[in-house]
Colleague: 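Take a look at the following structure, please.
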Amino acid sequence: MKRRTLLGAALAGAVMTPALTSGIARAADPGPSVTLTGTTTLDTQAIFFVSYDGLVNNNSFQKNGLLSYKGYQYAVWYTADRNAVVGRRALGSSTWSTVKVGHTLRYNDSHNVISMGISKIDGRLHLNMDSHSDGFTYVKSVAGLVDNPVGLSWTTSRFGAPQSTLDGLALTSQFTYPQFVSTPDGKLQLSYRVAISGNGRNALAEYDGSTWTNLGEWSSSTGTYTSEHGSSTARNMYLHGIDYDRNGRLHSFFTWREQNGAVMCNGGGITNHDTGYVYSDDRGRTWRNNAGAVVGTTGGSDKVAVTDSGLVIDPLNPDHSLMNQESQFTDSAGLPHAIISYVPGRFGQCTTNYVADRTANGRAFHVRKNSSGTWQKTEIPVPLNSSQRTKLILDKYDNAYAIFPFCRIAGASKASGYTDWTVLYDGVTAGLNAFGEVVIDETRIAQDNFLSIMYQEKSSGTTPSALRNLNFRLPA
């Protein structure tokens with residue numbers, strides 16, 4: 001392995017801190033806007049408990065907790081009595097039909113989210129749930145269920161029995177972060193982490209319409225990382241997402257988390273460091289760095305490692321409470337964009353309590369590759385007021401939208417070079433009473449030009465609360 005090289009030069013002079021202002025876009029390309037068209041209620045009494053500063057029904061790293069396909073929208077959550085349910089509604093309808101899938105939540109652990117995926121090759125809906133460095137539960141529907149939502153009734157009988165394997169394929173006894181992604185050829189892939197935080201590896205499995213295959217691990221937990229404070233010899237790669245663009249390239253932004261707290265200036269921080277980027281042009285079998293050099297092979301001996309060169313696109317040491325698993329999106333040209341967040345150096349060079357410091361001084365940044373291949377970074381001038389994550393989407397004009405905790409939405413236009421960030425909707429002043437992180441329907445935007453957001457209302461203790469869905473029309 002080559003020693004890692006920070007690509008700081010690629011970002012030199014590229015960080016901008018714009019004032020909150022409305023940008024002027026060309027008439028042919030309208031700037032960002034959101035028009036609230038309605039709110040639906042999925043459950044008036046969804047399960048509520050706080051762990052790891054989050055909710056099991058609204059962790060933004062779910063992929064997908066909310067998705068749309070062929071005129072219908074689907075959502076997953078746990079009810080007050082811990083039952084895992086799937087909801088379905090025709091787009092435009094305010095009524096959700098729900099079915100129980102035969103599983104109850106085992107632990108009060110907000111990582112035990114439910115994620116959905118669709119295998120277009122056979123029209124099945126797949127669910128993976130209730131896993132945090134543990135086993136998982138897997139459920140899939142009958143073939144054709146999502147292809148014929150009008151003709152096939154929405155009943156429990158349309159789903160198979162819960163399994164602890166993928167149709168007999170056992171993956172790992174320490175499984176976390178299921179993320180389904182539909183491939184361009186209609187198959188379905190499952191991204192997941194093997195082992196534990198600070199010492200884990202990313203892996204992929206693939207479903208071809210009849211059989212699941214374990215493609216294997218593609219990131220490494222080994223190698224030595226050294227900061228100005230100390231060294232660490234184990235870590236895991238936290239993905240900001242894993243997404244295909246319209247040309248079939250698979251993109252993934254990430255940050256590393258070290259196992260050894262000696263790399264930090266203070267034990268109250270968090271050991272996340274650096275924002276990296278890799279891509280694959282062969283359905284996740286081979287991974288390349290920003291320069292196109294192969295840095296890892298899925299299932300092979302050479303995996304993507306912290307010591308590899310050319311991975312880091314935005315260098316940052318572990319002293320700024322950089323968040324893991326934030327958000328990413330690709331634009332209409334297949335260019336990758338991401339949201340990252342941390343406490344900037346102007347607020348100090350050593351965070352001592354990552355929750356308190358991020359809440360007081362955390363800021364989000366829009367990182368993207370431009371058409372000339374240069375990475376650019378813009379600070380979004382909206383205080384986080386939270387330790388939690390922000391989501392990112394792009395509309396059909398490639399305008400960018402950051403969806404902050406508490407359902408606050410800011411937007412920036414492509415025409416401005418993403419420098420005119422302005423607040424478009426504030427869920428706090430709107431009285432939503434949203435808890436924090438929200439779940440986004442990443443699939444709906446390209447289908448009917450709507451932004452759908454799922455959020456849960458604040459509660460206390462373990463008192464159930466309402467789970468709701470906001471729908472915004474984006475520029476036509």
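Numbering of residues begins at 1 and proceeds along the displayed sequence.
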Colleague: Taking it one step at a time, do His111 and Asn59 satisfy side-chain contact (heavy atoms from CB on, under 4.5 Å)?
Modeller: CA-CA 8 Å; His111 288 72; Asn59 256 316; 5.6 Å; no
Colleague: Is a side-chain donor-acceptor pair under 3.5 Å present for Asp395 with Tyr401?
Modeller: yes
Colleague: Does any donor atom in the side chain of Asn471 or Ser452 lie under 3.5 Å from an acceptor atom in the other side chain?
Modeller: yes
Colleague: Can you check salt bridge (Lys or Arg N to Asp or Glu O under 4.0 Å) on Arg106 and Asp134, steps first, answer last?
Modeller: CA-CA 11 Å; Arg106 295 175 298 161; Asp134 198 355; 3.3 Å; yes
Colleague: For Trp77, what residues pass the ring pair (Phe, Tyr, Trp, His ring centres under 6.0 Å) criterion, not counting sequence neighbours?
Modeller: none
Colleague: With Arg283, which residues qualify under salt bridge (charged side-chain N to carboxylate O under 4.0 Å, His left out), at least two apart?
Modeller: Asp185
Colleague: Among side-chain atoms of Thr255 and Asn324, is any donor-acceptor pair under 3.5 angstrom?
Modeller: no
Colleague: Do Asn108 and Ser51 come within less than 4.5 Å of each other through their side chains, counting heavy atoms only?
Modeller: no
Colleague: Please list all pairs meeting salt bridge (charged side-chain N to carboxylate O under 4.0 Å, His left out) that have one or both residues in residues 42-51, counting only residues at least two apart or in different chains.
Modeller: none
Colleague: Tell me, please, which residues at least two apart from Tyr279 pass ring pair (Phe, Tyr, Trp, His ring centres under 6.0 Å).
Modeller: none
Colleague: Would you say the side-chain atoms of Asp274 pair up with the backbone N or O of Leu316, donor to acceptor, closer than 3.5 Å?
Modeller: yes
Colleague: Verify whether one side chain among Tyr177 and Ser115 offers a donor that lies under 3.5 Å from an acceptor in the other.
Modeller: no
Colleague: Is the backbone of Arg444 close enough, under 3.5 Å, to the side chain of Asp441 for a donor and an acceptor to pair up by distance?
Modeller: yes
Colleague: To check you understand the geometry: which heavy-atom pair defines the closest contact between Pro318 and Val263, and what is its length?
Modeller: CG-O, 3.8 Å
Colleague: Which residues satisfy the salt bridge (charged side-chain N to carboxylate O under 4.0 Å, His left out) test with Arg89, sequence neighbours excluded?
Modeller: none
Colleague: Any luck finding a side-chain donor-acceptor pair between His320 and Gln349 under 3.5 Å?
Modeller: yes
Colleague: Can you confirm whether the side chains of Ser459 and Ser465 place a donor and an acceptor under 3.5 Å from each other?
Modeller: no
Colleague: Decide yes or no on side-chain contact (heavy atoms from CB on, under 4.5 Å) for Thr39 and Leu432, but give the supporting numbers first.
Modeller: CA-CA 11 Å; Thr39 304; Leu432 296 185; 5.9 Å; no
Colleague: With the side chain counted from C-beta on, respond yes when Trp154 and Val86 share a heavy-atom pair under 4.5 Å apart, and no when they do not.
Modeller: yes
Colleague: Are the side chain of Thr172 and the backbone of Gln174 linked by a donor-acceptor contact shorter than 3.5 Å?
Modeller: yes
Colleague: Sequence neighbours excluded, which residues qualify as salt bridge (charged side-chain N to carboxylate O under 4.0 Å, His left out) partners of Asp426?
Modeller: none
Colleague: Under a 4.5 Å cut-off applied to non-hydrogen side-chain atoms, are Phe159 and Leu145 in contact?
Modeller: yes
Colleague: Could you check whether any side-chain N or O of Asn260 sits under 3.5 Å from a backbone N or O of Ser231, counting only pairs where one atom can act as donor and the other as acceptor?
Modeller: yes
Colleague: Should Val101 and Met129 count as side-chain neighbours, where that means a heavy-atom distance under 4.5 Å?
Modeller: yes
Colleague: Would a distance-only check, ignoring hydrogens and angles, find a side-chain to backbone donor-acceptor pair under 3.5 Å from Asp319 to Cys265?
Modeller: yes
Colleague: Arg235 and Ser221: side-chain donor and acceptor closer than 3.5 Å?
Modeller: no
Colleague: Begin with the C-alpha distance, continue with both residues' side-chain angles, and end with the deciding distance and a verdict on ring pair (Phe, Tyr, Trp, His ring centres under 6.0 Å) for Tyr69 and Tyr74.
Modeller: CA-CA 8 Å; Tyr69 190 68; Tyr74 301 85; 7.8 Å; no
Colleague: Could you check if a side-chain atom of Lys303 sits within less than 4.5 angstrom of a side-chain atom of Trp218, using non-hydrogen atoms only?
Modeller: no
Colleague: What about His337 and Tyr418, are their ring centers closer than 6.0 Å?
Modeller: yes
Colleague: Can you tell me which residue pairs pass the salt bridge (charged side-chain N to carboxylate O under 4.0 Å, His left out) test with a partner in residues 53-68, sequence neighbours excluded?
Modeller: Lys63-Asp243, Lys63-Glu442
Colleague: Salt-bridge test for Arg389 and Glu326: reply yes if a basic N is under 4.0 Å from a carboxylate O, no otherwise.
Modeller: no
Colleague: Treating Arg158 as the side-chain partner and Ser153 as the backbone partner, does any N or O pair qualify as donor plus acceptor under 3.5 Å?
Modeller: yes
Colleague: Holding to ring pair (Phe, Tyr, Trp, His ring centres under 6.0 Å), I want the full list of residues that pass it with Tyr192, two or more places apart in sequence or in another chain.
Modeller: Phe175
Colleague: Write out all pairs satisfying salt bridge (charged side-chain N to carboxylate O under 4.0 Å, His left out) with one or both partners inside residues 215-231, taking only residues at least two apart or from two chains.
Modeller: Arg201-Glu217
Colleague: Cut-off 3.5 Å, side chains only: do Arg408 and Thr429 have a donor facing an acceptor?
Modeller: no
Colleague: Would you say Asn290 and Trp375 are linked by a side-chain donor-acceptor pair, where the criterion is simply a distance under 3.5 Å?
Modeller: yes
Colleague: Could you note down all residue pairs passing salt bridge (charged side-chain N to carboxylate O under 4.0 Å, His left out) where residues 160-182 supplies at least one of them, sequence neighbours left out?
Modeller: Lys140-Asp167
Colleague: Given Phe253, which partner from the list Phe329, Phe365, Tyr277 fulfils the ring-ring contact (aromatic ring centres under 6.0 Å, His included) test?
Modeller: Tyr277
Colleague: Can you name the ring pair (Phe, Tyr, Trp, His ring centres under 6.0 Å) partners of Phe254, sequence neighbours left out?
Modeller: Trp256
Colleague: Let me see the working for Phe49 and Leu105 under side-chain contact (heavy atoms from CB on, under 4.5 Å), right down to the final yes or no.
Modeller: CA-CA 12 Å; Phe49 59 85; Leu105 178 66; 3.8 Å; yes
Colleague: Parallel, tilted or perpendicular: which fits the ring planes of Tyr425 and Phe472, with parallel below 30° and perpendicular above 60°?
Modeller: perpendicular
Colleague: Is there a donor-acceptor pair closer than 3.5 Å between any side-chain N or O of Ser321 and the backbone N or O of Tyr342?
Modeller: no
Colleague: Tell me every residue that passes salt bridge (charged side-chain N to carboxylate O under 4.0 Å, His left out) with Arg285, counting only those two or more places apart in sequence or in another chain.
Modeller: Glu206
Colleague: Quick one: sort the Tyr225 and His273 rings into parallel, tilted or perpendicular, breaks at 30° and 60°.
Modeller: parallel
Colleague: Search all heavy atoms of Ser133 against all heavy atoms of Thr176 and return the closest pair with its distance.
Modeller: N-OG1, 2.6 Å
